[in-house]
There are 2 protein chains.
Amino acid sequence: MKKPAQSHDHDHAAEPLADLTSRLRQKSQRVTAPRQAILALLREHRHPMTNKEIHAALAKGDCDLATLYRSMHLLEGMGMVKRFDFGDGAARFELVTGDAHAHHHHLVCTCCADIVEIDDCFAAELEARVAAAHGFKTVTHKLEFFGVCPDCQQAGHSHDKAKRSRRKPCGC
Amino acid sequence: MKKPAQSHDHDHAAEPLADLTSRLRQKSQRVTAPRQAILALLREHRHPMTNKEIHAALAKGDCDLATLYRSMHLLEGMGMVKRFDFGDGAARFELVTGDAHAHHHHLVCTCCADIVEIDDCFAAELEARVAAAHGFKTVTHKLEFFGVCPDCQQAGHSHDKAKRSRRKPCGC
DNA sequence: CCATTGACTGCAAATCGTTTGCATGAAGCA
DNA sequence: TGCTTCATGCAAACGATTTGCAGTCAATGG
């Protein structure tokens, strides 16, 4: 088996792993090895990851893919992770950091899949406007931007927007 | 087989079917029965439809599901239909009408899946702002709103936003 | 009007992301 | 320490979408 309680190393300004697990416990959810591994990994990444990426990044045997999916549902339901959809058919997840920066969007390079975070959300006001105009309640929105990043522009690739690439943000 | 050139009936201010098929022909694509059936059906609907819905709406035998998927790719590539993603795992398509109203978003009821079109796109300016701020080129965006429509609010259902319903915009 | 030919279609099998059933295993509590 | 319940691993099931293949047909030239 694996080290039971690694609470040291890699800690770049992120919430301590212990705090994360205690959040789990407080909501009467069990703190299991797979869940700890997932949270520990997500702490390291500032950009959303697909379940496949998460699964590949975890030590082999740390967490079954089915368990991973179940865990992400659980964490999403608890508000500990946020789900993003870049339109390529695979959900992406990001750890919800307690601080500000909570609500944000992304700018995804359709060429190299590089991701930039867009912090200021201009859509909040629009949300209210839209809700009022149509009588809807509890309105939320999904907004993501796609384009070609500076590096890829230089690379000289002939990238017309999204083309029909469904599998990857980029078809390179 | 079916009537070869029905260019009459149902015609509420939409582009004539003949014009649509000629657009196909001009791009050196063949005008086949399945494609005509698809275009004819899409002309009737102002809201985006999933391939399953389109397939179900077409007369049995009019178009195989595989052909439907291939056709939608073709039409999307030609710019004759636009693809929308409501985050429920199924792509939706809408006929691109030559007129204005080209670029628009939707407000989807998470309860009854009712759809309202949002014509004014405030995001266009944001797109430019985002592109400039990060050096990206050919930036596009995907933006959809979700909420509970007036009718569903009355129905008294206890609908907290999207919950974890992935399959349908609504989990009613 | 008929032959030609490559694009298009239907069908079935294959993919991919995601979910679920089930028996075993372990977290948290008495 | 033992119980009870929740969580996990494995495999099979699923739904959306894609693809291989052989037969079919729209567009074209004769």
Side-chain angles (χ1 to χ4, degrees), chain A residues 1-2 4-5 21-22 24-39 48-56 58-78 83-93 164-169 171, chain B residues 1-2 4-5 21-22 24-39 48-56 58-78 83-93 164-169 171:
Chain A
M1 43 217 75
K2 55 210 86 76
T21 58
S22 80
L24 255 185
R25 208 179 329 257
Q26 281 165 28
K27 302 233 187 176
S28 65
Q29 303 293 163
R30 292 184 180 173
V31 178
T32 65
R35 291 176 185 177
Q36 286 188 72
I38 294 170
L39 289 173
M49 302 176 77
T50 62
N51 278 337
K52 202 206 287 185
E53 289 168 347
I54 294 174
H55 187 243
L58 290 173
K60 196 162 87 70
D62 264 12
C63 179
D64 183 76
L65 197 50
T67 299
L68 181 48
Y69 275 98
R70 280 188 276 237
S71 296
M72 298 320 287
H73 273 305
L74 174 80
L75 295 173
E76 185 187 14
M78 294 177 59
R83 176 189 299 258
F84 290 100
D85 179 5
F86 290 176
D88 64 344
R92 283 173 171 71
F93 299 92
R164 68 193 57 184
S165 61
R166 202 188 77 82
R167 284 297 144 211
K168 280 253 174 183
Chain B
M1 44 219 77
K2 54 211 84 72
T21 59
S22 79
L24 255 184
R25 210 179 328 258
Q26 280 165 28
K27 302 234 187 178
S28 64
Q29 302 292 167
R30 295 189 177 167
V31 178
T32 64
R35 291 178 185 176
Q36 286 188 70
I38 294 169
L39 289 173
M49 301 176 78
T50 63
N51 277 338
K52 204 206 286 186
E53 289 167 346
I54 295 175
H55 187 243
L58 289 174
K60 196 161 88 68
D62 265 10
C63 179
D64 183 76
L65 197 50
T67 299
L68 180 48
Y69 275 99
R70 280 189 277 238
S71 296
M72 298 320 285
H73 272 307
L74 174 81
L75 295 173
E76 185 187 14
M78 295 177 57
R83 175 190 298 261
F84 290 99
D85 179 6
F86 290 175
D88 65 344
R92 282 174 171 72
F93 299 91
R164 68 192 56 181
S165 61
R166 204 187 73 80
R167 285 298 142 212
K168 279 256 177 179

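Reminder, nothing fancy here: chain letters follow the sequence lines and each chain counts from 1.
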Inset, instruction - Between B/Leu65 and A/Pro34, just flag the one whose closest nucleotide in DNA chain D comes earlier from the 5' side. - result: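 Its nucleotide being nearer the 5' end, the pick is A/Pro34.
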Inset, instruction - To the nearest 0.5 angstrom, please state how far the CE atom of A/Met78 sits from the CD atom of A/Gln26. - result: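 Output value for this atom pair is 8.5 Å.
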Inset, instruction - Nearest 0.5 Å please: distance from the NE2 atom of B/His73 over to the CZ atom of B/Phe93. - result: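 The distance works out to 7.0 Å.
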Inset, instruction - Might you work through the side-chain contact (heavy atoms from CB on, under 4.5 Å) test for B/Arg70 and B/Leu74, ending with a clear yes or no? - result: CA-CA 6 Å; B/Arg70 280 189 277 238; B/Leu74 174 81; over 6 Å; no
May I ask you to verify if any side-chain N or O of [X] is less than 4.0 angstrom from the OP1 or OP2 atom of [N]?
X: B/Gln29; N: C/dC8; value: yes
X: B/Tyr69; N: D/dT17; value: yes
X: A/Thr67; N: D/dG9; value: yes
X: A/Lys52; N: C/dC16; value: no

Rounded to the Å, how far apart are [X] [atom1] and [N] [atom2]?
X: A/Asp88; N: D/dT17; atom1: CG; atom2: C1'; result: 14 Å
X: B/Asn51; N: D/dG15; atom1: CG; atom2: C1'; result: 13 Å
X: A/Leu24; N: D/dC6; atom1: CG; atom2: P; result: 15 Å
X: A/Leu68; N: C/dT20; atom1: CG; atom2: P; result: 15 Å
X: B/Leu58; N: C/dT9; atom1: CG; atom2: C1'; result: 14 Å
X: A/His73; N: C/dT19; atom1: NE2; atom2: C1'; result: 7 Å
X: B/Arg25; N: C/dA7; atom1: CZ; atom2: P; result: 17 Å
X: A/Asp64; N: C/dC22; atom1: CG; atom2: P; result: 18 Å

Of the nucleotides [options], which has the atom closest to the [X] side chain?
X: B/Ser71; options: D/dA7, C/dT9, D/dT17; value: C/dT9
X: A/Ala66; options: C/dT20, D/dA16, D/dT8; value: C/dT20
X: A/Thr32; options: C/dC8, C/dG28, D/dT8; value: D/dT8

Inset, instruction - Taking the side chain as every heavy atom from C-beta outward, state whether B/Gln36 and B/Leu24 have any pair of such atoms under 4.5 Å apart. - result: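 No, side chains not in contact.
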Inset, instruction - Mark yes or no for a side-chain to base donor-acceptor pair under 3.5 Å between A/Arg30 and D/dC6, with no hydrogen or angle criteria applied. - result: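 Checked by distance alone, the answer is yes.
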Inset, instruction - Answer yes or no: side-chain N or O of B/Arg70 and base N or O of C/dT9 forming a donor-acceptor pair under 3.5 Å. - result: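 Per atom types, no contact qualifies.
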Legend entry - Over all atoms of both residues, closest heavy-atom pair of B/Ser71 and B/Arg35: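 What the structure gives for the nearest pair is OG-CG, 4.1 Å.
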